[in-house]
Amino acid sequence: MELVSVERIQEARKLLEGITRVTPMEHARDLRRLHGGPVYLKCENLQRTGSFKIRGAYTRIHGLTAEERARGVVAASAGNHAQGVALASSLLGISSTVFMPLRAPLPKLAATRGYGAEVHLHGAVVDETLAEAIAFSERTGAVFIHPFDHVDVIAGQGTVGLEILEQVPGVKTILVPTGGGGLVGGVAAAVKAAHPEIRVIGVQAEDAAAYPPSLAAGAPVRLRDVHTMADGIAVGEPGKISYAHIQSLVDDVVTVTEESLSRAVLLCLERRKLVVEPAGAAAVAALLQHPGAFEPPVVAILSGGNVDPVLLQQIIQHGMTAGGRYLKLHLRVPDRPGSLVSVLSCVKDLGANVLDVEHSRISGSLALGEVDVALALETRGPEHCKEVEAALADAGFTIVS
């Protein structure tokens, strides 16, 4: 299979002038110590429609013939590709229909409609949504716009790689959030043409990682189950075209945990003041989970920022827990006046913030004259958690595991 050439990616870049933004490159100084050198963040979360997807969608749709444009286009997506297709179609004066899962986040649904697409909700998972979009294409003649498995889509996404080479000329490693593989395949095609020594590494959520088994098998492999908060990279099977690019050009594919993803979202928000969705933060999650594994200077692509505020709240709480910023304790204390005050005074003196307290005398394991106290605390990190636990134990309170 012929791979996308750098010349094709350069043509896509000219096409996208005035359509997409050259997104900024942020220096992440707080990540430098983990990898012994400079770390940069390529902020595609600040791209039009909130992700890199507009690059590939516009390139693909622009390449349609007049007869194909007249038939309109159709796509299936949980959000980012949907918005890219909707905006690209509107800019080109083409009608678009987008199928989204029944539980698609409301902000992504509203944005897709706002960009001009006719939206239909179908299916509990993206695979069901995809099947319905393909059936619609067969019924109506609308051109199906694949989210990643097309050479024009890969060429459009590859323009991110050209920008990285200009913004960080000495880059040694590029980390790319990876679902279907269109972005990492395009970036690798752009980068490797001139600098084959630069390592391009895909990053997948470990519970939605189709590429490691596929690369081991020598062909695309379908996962039985896909479970991750990073819905933007929750792809159960690589496409043939994107797989060929990754097999030939990408140096490695690593995986990250849900805890690392949530910590990465929190870090981007708290330290960089950037709103990034879990899928978009996968490359930062790799930096956190695999310290010292990547040669600097490192560029981590923030591939998208379209996150439901309700999910963001849950992720922040999850990330703070994973980072040792929350502490939950069960204490057994004497059932006498002043015991709870003593516990809370000890916590106060240590600078921990009490979020919730539950005081209970109803437990079969309690001895006469004892009560259970459940505490939820906000702390300054893992060492502070240990300090709080040690101080409570030293004060004579029994910590129940």
Side-chain angles (χ1 to χ4, degrees), residues 26-41 175 203 205-206 229-230 254-276 278 281-294 296 298 300 302 312-334 338-359 371-401:
E26 289 284 329
H27 187 191
R29 293 175 179 82
D30 45 311
L31 292 171
R32 181 187 182 103
R33 61 180 177 79
L34 294 177
H35 296 276
V39 175
Y40 299 89
L41 307 179
L175 298 174
V203 183
E206 68 176 23
M229 69 175 76
V254 301
T255 64
V256 292
T257 64
E258 298 296 287
E259 287 74 15
S260 294
L261 287 166
S262 59
R263 287 175 59 207
V265 171
L266 182 60
L267 183 144
C268 289
L269 184 63
E270 192 172 38
R271 301 298 296 275
R272 305 263 62 83
K273 317 308 176 193
L274 293 167
V275 176
V276 185
V284 175
L287 290 168
L288 295 173
Q289 187 171 324
H290 305 288
F294 311 112
V298 180
L302 305 180
L312 181 60
Q313 183 180 19
Q314 296 172 350
I315 293 168
I316 289 171
Q317 292 175 341
H318 194 266
M320 291 183 73
T321 301
R325 303 273 295 279
Y326 283 143
L327 176 62
K328 290 187 176 181
L329 291 174
H330 282 85
L331 305 176
R332 192 149 293 165
V333 303
S339 289
L340 182 57
V341 172
S342 297
V343 170
L344 297 179
S345 294
C346 184
V347 169
K348 178 184 75 69
D349 292 341
L350 290 163
N353 184 37
V354 178
L355 301 176
D356 189 40
V357 180
E358 184 178 347
H359 185 272
V371 296
D372 272 338
V373 175
L375 290 177
L377 308 175
E378 183 181 0
T379 67
R380 295 191 295 271
E383 293 304 315
H384 193 207
C385 290
K386 294 177 183 177
E387 184 184 347
V388 171
E389 290 183 11
L392 288 169
D394 289 344
F397 303 112
T398 302
I399 299 177
V400 182
S401 59

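Bear in mind that the values here come from a model prediction, so they are computed numbers and not experimental data.
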Exercise. Among V357, L355, V347, D356, which residue meets the side chain to side chain contact (heavy atoms under 4.5 Å, CB included) test with L377?
Worked result: V347
Seminar exercise, completed: All heavy atoms of A281 vs all of A264, minimum pair found to be O-CB, 3.5 Å
Seminar exercise, completed: Taking every heavy atom of M229 against every heavy atom of P278, the minimum-distance pair comes out as CG-CB, 3.7 Å
Problem set entry | Least distance between heavy atoms, V256 atom then A285 atom | CG1-C, 3.8 Å
Exercise. Is E389 paired with K386 through a side-chain N to carboxylate O contact shorter than 4.0 Å?
Worked result: no
Exercise. Are any of the side-chain heavy atoms of L267 and L31 separated by less than 4.5 Å?
Worked result: yes
Exercise. Nearest 0.5 Å, what's the CZ-CZ distance between R272 and R29?
Worked result: 7.5 Å
For this session: Any chance you could measure L288, atom CG, to S260, atom OG, to the nearest 0.5 Å?
Result: 6.5 Å
Exercise. Heavy atoms, side chains only, cut-off 4.5 Å: are L375 and L344 in contact?
Worked result: yes
Problem set entry | Distance-minimising heavy-atom pair for A205 and E258 | CB-OE2, 4.1 Å
For this session: State, to 0.1 Å, how close F397 and S342 come at their nearest heavy-atom pair, and which atoms those are.
Result: CZ-CB, 3.9 Å
Seminar exercise, completed: Between the CD1 atom in I399 and the CZ atom in R332, the distance rounded to the nearest 0.5 Å is 12.5 Å
Problem set entry | Audit row: I316, L312, side-chain contact (heavy atoms from CB on, under 4.5 Å) steps and yes/no | CA-CA 6 Å; I316 289 171; L312 181 60; 4.0 Å; yes
Problem set entry | CG on L350 to CG on L392, rounded to 0.5 Å | 7.0 Å
Exercise. Do side-chain atoms of H27 reach the backbone of Y40 as a donor and acceptor pair under 3.5 angstrom?
Worked result: no
Exercise. How many angstroms lie between CZ in R32 and CG in L287, if you round to the nearest 0.5 Å?
Worked result: 13.5 Å
For this session: Measure from the side-chain N and O atoms of H384 to the backbone N and O of R325, and report whether any donor-acceptor pair falls under 3.5 Å.
Result: no
For this session: Drop me the distance from R263's CZ to E270's CD, to the nearest 0.5 angstrom.
Result: 12.0 Å
Problem set entry | Shortest non-hydrogen contact from L261 toward A282 | CD2-CA, 3.7 Å
For this session: Say whether, by atom type as modelled, one donor and one acceptor occur between the side chain of Q289 and the main chain of T257 under 3.5 angstrom.
Result: yes
